[in-house]
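Here the structure is laid out as structure tokens; the discussion comes afterwards.
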Protein chains: 2
Amino acid sequence: MNNYTDTLRKHNLKATPQRLAITDSLCMHGHMSIDALYDVMIKKFSSISLATIYKNINLMLENAFIQEVKLPNLKTVYELTKHSHSHIMCEKCGKINDITLDLKAIVNTVSSLENFEISKADLVLSGVCKNCA
Amino acid sequence: MNNYTDTLRKHNLKATPQRLAITDSLCMHGHMSIDALYDVMIKKFSSISLATIYKNINLMLENAFIQEVKLPNLKTVYELTKHSHSHIMCEKCGKINDITLDLKAIVNTVSSLENFEISKADLVLSGVCKNCA
DNA sequence: CTGACTGCAAACGTTTTGCACGGTA
DNA sequence: TACCGTGCAAAACGTTTGCAGTCAG
């Protein structure tokens with residue numbers, strides 16, 4: 001289990017129980033929508049407010065602790081920032097896996113072809129997982 | 001210029017001026033957010049309602065005339081459905097280009113690796129375009 | 001002890017819904 | 001003419017903001 005106490009303090013943010021529970025939840029579940037996060041949080045903090053979750057998610061986005069993943073059809077989910085990676089998603093059960101792909105070749109090709117300086121490649125593959133097939 | 005009169009009728013949808021203006025706008029502009037579409041439409045139909053735009057966009061999505069493109073940081077945009085393709089986006093000016101890439105190799109690799117039946121690959125490259133550099 | 005954080009309530013922006021009128025086929 | 005589509009208004013969501021009380025450092 002990751003502990004974000006120090007990371008938060010390094011960014012001059014207080015390591016409140018609510019914040020640590022958010023990073024813990026993301027660490028455990030991998031990818032979570034705001035709703036899913038709220039469902040988990042309310043069990044630990046019976047009077048937590050959605051406002052607190054939004055405020056902290058936005059703060060953590062600004063400080064790059066976490067990242068947003070926009071998915072086709074589904075709600076946006078959030079994940080702890082780690083090495084750059086792509087996602088594969090099951091359209092039936094909603095399961096999301098990380099996959100590490102080397103997209104350098106594609107990026108280079110497109111970069112020269114389109115005259116763009118590309119800094120990021122967001123790839124989401126969708127389909128049906130083994131269990132749902 | 002594409003004409004969607006027949007396409008609409010084939011799906012038992014009436015070819016109203018508003019609907020044709022939506023497909024025309026998307027054809028001309030390529031990718032549009034709801035706001036951008038509204039701005040264009042209000043010039044042709046001074047009393048058009050946002051509700052009409054939403055209803056028609058949703059109808060066209062259901063009938064697969066158009067597709068949703070979720071972009072990092074930006075609002076979702078819509079485009080006429082054509083051959084499968086990826087997108088490249090300028091983070092400075094917001095310009096979006098279509099690019100045709102062969103992702104078969106990647107899809108096949110991931111497919112067997114993750115035991116997924118992959119049906120779709122949504123790729124958005126972000127960076128800075130020549131003009132903004 | 002002090003400033004930052006939480007939780008509440010209200011505000012705000014976006015999308016959807018219900019309904020009466022108008023237009024397409 | 002019959003019914004579908006439009007436009008309006010209101011409702012329903014999702015997210016943000018302001019503020020008073022509380023807590024981390």
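Note on naming: letters A, B, ... go to the chains in the order of the sequence lines (proteins, then strands), and numbering restarts at 1 for each one. Just so you know, these numbers come straight off a predicted model, no measurement behind them.
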Atom-pair distance (CZ on B:Phe45; P on D:dC8), nearest Å:
13 Å
From NZ of A:Lys44 across to C1' of C:dT6 the rounded distance in Å is 17 Å
Is there a donor-acceptor pair under 3.5 Å between the side chain of A:Asn63 and the backbone N or O of A:Phe65?
no
Applying side chain to side chain donor-acceptor pair (under 3.5 Å), which residue pairs with at least one partner in residues 41-50 of chain B are found, sequence neighbours left out?
none
Enumerate, in order of first residue number, the stems that involve DNA chain C, defined as 3 or more consecutive Watson-Crick or G-U wobble pairs with both distances under 3.5 Å.
C:1-25 with D:1-25
Do the side chain of A:Ser25 and the main chain of A:Leu37 share a donor and acceptor less than 3.5 angstrom apart?
no
Residue-level proximity of residues 65-73 of chain B to DNA chain D when a heavy atom falls under 4.0 Å:
none
Who passes salt bridge (charged side-chain N to carboxylate O under 4.0 Å, His left out) against B:Lys92, sequence neighbours left out?
none
Side-chain N or O of B:Gln18 closer than 4.0 Å to phosphate OP1/OP2 of C:dG23:
no
Base, sugar-phosphate, or nothing: which does A:Ser47 touch, judged by heavy atoms less than 4.0 Å apart?
sugar-phosphate
In whole angstroms, the gap separating P of D:dA2 from CG of B:Asn12 amounts to 20 Å
Side-chain N or O of B:Asn58 less than 4.0 angstrom from OP1 or OP2 on C:dT16?
yes
Would you say D:dT6 has OP1 or OP2 under 4.0 Å from some side-chain N or O of B:Ser49?
no
Of all residues at least two apart in sequence or in a different chain, which pass the side-chain hydrogen bond (donor to acceptor under 3.5 Å, both in side chains) check with B:Thr109?
none
Can you build the contact string for nucleotides 18-25 of chain D? Use B for base contact, S for sugar-phosphate-only contact, and - for no protein heavy atom under 4.0 Å.
B-----BS
From B:Leu13, B:Asp24, B:Thr52, residue fulfilling side-chain contact (heavy atoms from CB on, under 4.5 Å) relative to B:Arg19
B:Leu13
Could you tell me how far apart B:Leu59 (CG) and D:dT6 (P) are, to the nearest whole angstrom?
9 Å
Mind checking side-chain hydrogen bond (donor to acceptor under 3.5 Å, both in side chains) for B:Ser33 and listing every partner two or more places apart, or none if nothing turns up?
none
Nearest-angstrom distance from the residue atom NZ of B:Lys10 to P of C:dA25:
15 Å
Across all chains, not counting sequence neighbours, the side-chain hydrogen bond (donor to acceptor under 3.5 Å, both in side chains) partners of B:Asn115 are none
Distance check needed: C:dT24 P versus B:Tyr4 OH, whole Å only.
21 Å
OP1 or OP2 of C:dT6 under 4.0 Å from side-chain N/O of A:Asn56
yes
Which residue pairs satisfy the salt bridge (charged side-chain N to carboxylate O under 4.0 Å, His left out) criterion with at least one member in residues 5-17 of chain A, sequence neighbours excluded?
none
What salt bridge (charged side-chain N to carboxylate O under 4.0 Å, His left out) pairs are there with at least one residue in residues 49-66 of chain B, not counting sequence neighbours?
none
When you get a sec, tell me which of D:dG7, D:dG5, C:dC5 is the closest nucleotide to the side chain of A:Arg19?
C:dC5
Report the distance from atom CD1 of B:Ile34 to atom C1' of C:dG13, rounded to the nearest whole Å.
14 Å
Taking side chain to side chain donor-acceptor pair (under 3.5 Å) as the cut-off, I'd like each qualifying pair that reaches into residues 123-133 of chain B, sequence neighbours left out, listed once.
none
Determine all donor-acceptor pairs shorter than 3.5 Å in which one atom belongs to a side chain in residues 94-101 of chain B; sequence neighbours excluded.
unit_1, atom_1, unit_2, atom_2, d
B:Asn97, ND2, A:Glu114, OE1, 3.2
B:Asp98, OD1, B:His31, NE2, 2.8
B:Asp98, OD1, B:His85, NE2, 3.4
B:Asp98, OD1, B:His87, NE2, 3.3
B:Asp98, OD2, B:Lys82, NZ, 2.9

Round to a whole Å and report the spacing from CE of B:Met41 to P of D:dG5.
15 Å
